[in-house]
**Q** 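Below you will find the structure I want to go over with you.
Computed from a prediction, not measured in an experiment: that's the story for all the values here. Chain letters run A, B, ... following the sequence lines, proteins first and then strands; every chain starts at 1. Values below: all heavy atoms of this structure, side chains included; hydrogens, waters and symmetry mates excluded.
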Protein chains: 2
Amino acid sequence: MKKYNIPVEAALEVIGGKWKVVILCHLIKDKRRTGELKRLMPGITQKMLTQQLRELEDDGVILREVYNQVPPRVEYSLTDYGWSLKGILDSLCAWGEQHIEKTYPNKDDVLVQTEELV
Amino acid sequence: MKKYNIPVEAALEVIGGKWKVVILCHLIKDKRRTGELKRLMPGITQKMLTQQLRELEDDGVILREVYNQVPPRVEYSLTDYGWSLKGILDSLCAWGEQHIEKTYPNKDDVLVQTEELV
DNA sequence: CTTAATTGTTACTTAAAAGTACCTACATTA
DNA sequence: TAATGTAGGTACTTTTAAGTAACAATTAAG
């Protein structure tokens, strides 16, 4: 069994890595289909996306709902347990924003506009 | 120049990775010498530790103070800017704790006792 | 004059994360 | 009957992160 030196490592195991926080930040705003998430995250590949989604699902923070349709329709949303991360996600987003403002004179240099794409 | 799709990615660039949050969680409690941090983080190597500390220093969240002694004495502490992460770090730690409690029947199975070592 | 103590560096190697390219399924539509 | 749209799987490769092991600097103590 995995051992942690301090409890915060357990949190990092759930939301650590390059993509999970980003995914959760999108899902905190809205329930999303796979394709929407892909459009919201231009950098991610199909493989990475499903892989990360599976792990988040296994950890109980997101819910995967499959509608029996063709072509398939799958929606991802936060579980109640996932919502317990809201405080963390909100402050992370806020800190990121002000960090950009602090670090770069005008944020248009570092922020790609993709929010409106979906 | 680096581009982000959403601002939270900027935060992840500063505190992402396997070690930075852990280091910051220790420094939020106390100013620490290099050797103390090493003892608090049994898994980390000298190389990783200094590397992560340098990056945190470059990002302005920690301060490195060198005392002119032999053998050398170096102390690390949070900067004012680093303290702006306190909310995030606190909630991450708290979430990790309750996640362990939720996930494992008794946390002694997953938590190594090292807090008292320093 | 050798050893210990503390912090740090460097070249090299290994392990983990991420990316690429191609494949499946299946009703609908043209 | 061939193409479309959506979600996902897989084998393989590349890239990045992390780990290993050896070395440097300095001065006090033995």
**Q** Atom CD of A:Q51 to atom C1' of C:dA16: distance rounded to whole Å?
**A** 11 Å
**Q** Hey, is the side chain of A:T34 poking within less than 4.0 Å of OP1 or OP2 on D:dG8, counting only N and O atoms?
**A** yes
**Q** To the nearest Å, how far apart are A:E36 CD and D:dA7 C1'?
**A** 13 Å
**Q** When you match A:E75 and A:K47 each to their closest nucleotide on DNA chain D, which lands nearer the 5' end?
**A** A:E75
**Q** When you get a sec, tell me which of C:dG19, C:dT7, D:dG9 is the closest nucleotide to the side chain of A:R54?
**A** D:dG9
**Q** Write down the distance between CD (B:Q46) and P (C:dA5), rounded to a whole number of angstrom.
**A** 16 Å
**Q** Which residue, B:P71 or A:P71, contacts DNA chain C at a nucleotide closer to its 5' end, judged by nearest heavy atom?
**A** B:P71
**Q** Using a 4.5 Å cut-off on heavy atoms from C-beta on, say whether the side chain of B:L40 contacts that of A:N5.
**A** no
**Q** Could you state the atom-to-atom distance from CD of A:E55 to C1' of C:dA18 in whole Å?
**A** 12 Å
**Q** From the set C:dT20, C:dT6, D:dT6, return the single nucleotide nearest to any side-chain atom of A:R33.
**A** D:dT6
**Q** Return the value, rounded to whole Å, for the distance between atom CH2 of A:W19 and atom C1' of C:dG19.
**A** 10 Å
**Q** Starting at atom CD of A:E13, determine the distance to atom C1' of C:dA17, rounded to an integer number of angstrom.
**A** 15 Å
**Q** May I ask you to verify if any side-chain N or O of B:Y67 is less than 4.0 angstrom from the OP1 or OP2 atom of D:dT26?
**A** no
**Q** Calculate the interatomic distance between A:K38 atom NZ and C:dA18 atom C1'; express it in whole Å.
**A** 16 Å
**Q** Examine distances only and state if a side-chain atom of A:Q52 and a backbone atom of A:L49 form a donor-acceptor pair shorter than 3.5 Å.
**A** no
**Q** In whole angstrom, what separates B:M48's CE from C:dA16's P?
**A** 14 Å
**Q** Got a donor-acceptor contact below 3.5 angstrom from the B:T103 side chain to the B:I100 backbone?
**A** no
**Q** Is there a side-chain contact between B:Y76 and the phosphate of C:dG8, meaning an N or O under 4.0 Å from OP1 or OP2?
**A** yes
**Q** Compare the minimum distances between each of D:dT20, C:dT7, D:dA18 and the side chain of B:K18, then state the nucleotide with the smallest one.
**A** D:dA18
**Q** Taking B:G60's backbone N and O only, do any of them form a donor-acceptor pair with B:T79's side chain (distance below 3.5 Å, no angle check)?
**A** yes
**Q** Applying the side chain to side chain donor-acceptor pair (under 3.5 Å) test to B:Y67, which of B:R33, B:E75, B:R73 qualifies?
**A** B:E75
**Q** From the options C:dT6, C:dT9, D:dA7, select the nucleotide whose nearest atom is closest to the side chain of A:R64.
**A** D:dA7
